[in-house]
Amino acid sequence: MNYVILNGKLIEKQEATISVFNKAMFFDFAVYDSVKIIKGKKFFPDFHVERLINSAKIIQLEHDFKKQDIMKWMDLLIEKNNLQDALIRFLLLGAASPEEKPQLFLFSLGVTFYNEKDYKKGIKVITFKGERTMPQSKSKDLFLNFIALREASKHNAQDALLIDSEGYIREGTRTNFFAVKQGKLYTAPLSDVVGGITRKIVIKIAKQNNIEVIERKIHNNELKDFDEFFITSTSMNVLPINQINDYILDKNSKVLTKKIIKLFKDYYHQEVFND
Ligand SMILES: Cc1ncc(COP(=O)(O)O)c(C=O)c1O
């Protein structure tokens with residue numbers, strides 16, 4: 001994993017640097033995205049590149065990078081870094097002053113695999129007060145995500161659910177949040193969260209299987225009215241929750257969550273691996 005692509009040019013990892021004088025870096029005038037590669041196959045690359053471009057548009061980050069070129073650069077990086085299981089990260093820095101030019105980095109990172117036990121038993125999450133600025137953009141303004149996740153780790157939890165100023169649960173630090181009540185799925189509206197690719201697919205496959213999906217705000221005070229909870233993300237897929245702070249859901253049957261886990265697995269096996 002030695003190469004990086006900067007504005008379409010292959011460079012050595014050591015050359016992939018950003019100056020401390022770069023204003024875009026200083027002000028976090030940047031967006032990012034990541035594509036998962038497993039056994040050399042890309043997971044939904046079009047959706048991720050489209051989201052990168054859309055994230056830039058939301059924060060009014062102007063640039064000339066085109067989807068088709070980014071897709072080609074991604075393939076070049078896979079080939080040059082000989083990637084099998086990895087994450088390809090796109091980092092797009094804007095021009096925050098007339099002297100600066102937009103910079104698009106593509107680089108590869110390791111991919112995290114989660115325990116089979118977590119998918120069966122579920123994970124612990126905590127709640128954390130904080131609201132992301134321009135929540136629909138996957139912006140590099142990640143300090144809130146960082147401190148919330150750090151707090152989660154201190155409590156042996158795998159993620160933190162971010163609670164907005166009105167007490168609504170929006171999403172995790174790197175995940176979307178779903179709740180289940182009487183066989184129906186609930187998740188925060190797209191206006192309040194990153195439009196997760198996994199979220200989008202889960203909603204699609206749920207609807208195809210006649211499971212009703214309700215996109216509405218979920219208040220922290222109404223958690224006990226729900227039967228099941230799960231989070232979704234590119235690296236985690238669909239991961240059940242068995243504890244939120246001190247509220248333990250261990251005896252919960254997770255019927256619908258298990259069904260969604262299976263439907264999602266079948267979906268990506270077909271779409272990504274053609275099997
Ligand atoms: C804030 C936030 N919400 C949700 C997600 C989940 O999105 P996806 O399913 O595309 O990984 C992510 C990660 O990308 C994220 O950073």
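In what follows, every heavy atom counts, from backbone to side chain, and hydrogens, waters and symmetry copies are set aside. Order of appearance sets the numbers: ligands from 1, and atoms from 1 within every ligand.
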> Heavy-atom count around Gln208 CD within 6.0 Å, excluding the residue itself: above 12?
Replying inline: yes

> For Lys154, which residues count as a salt bridge (Lys or Arg N to Asp or Glu O under 4.0 Å) partner, sequence neighbours excluded?
Replying inline: Glu151

>> Between Asn2 and Glu12, is the side-chain hydrogen bond (donor to acceptor under 3.5 Å, both in side chains) condition met? List the steps.
In response: CA-CA 6 Å; Asn2 284 321; Glu12 295 273 344; over 6 Å; no

> Strictly under 6.0 Å, is that where the ring centroids of Phe226 and Tyr186 end up?
Replying inline: yes

> Who else is in Tyr168's hydrophobic cluster (ILVMFWY, side-chain heavy atoms under 4.5 Å, direct or via others)?
Replying inline: none

> Does Phe177 have any ring-ring contact (aromatic ring centres under 6.0 Å, His included) partners at least two apart in sequence or in another chain, and if so, which?
Replying inline: Phe229

Where does ligand 1 get N/O contacts under 3.5 Å from the protein, atom by atom?
unit_1	atom_1	unit_2	atom_2	d
ligand 1	3 (N)	Glu171	OE1	2.8
ligand 1	3 (N)	Thr175	O	3.4
ligand 1	9 (O)	Ile197	N	3.4
ligand 1	9 (O)	Thr198	N	3.0
ligand 1	9 (O)	Thr198	OG1	2.6
ligand 1	10 (O)	Arg51	NH1	2.8
ligand 1	10 (O)	Arg51	NH2	3.0
ligand 1	10 (O)	Ile197	N	2.8
ligand 1	11 (O)	Thr234	N	2.8
ligand 1	11 (O)	Thr234	OG1	2.7
ligand 1	14 (O)	Lys138	NZ	2.6
ligand 1	16 (O)	Lys138	NZ	3.2

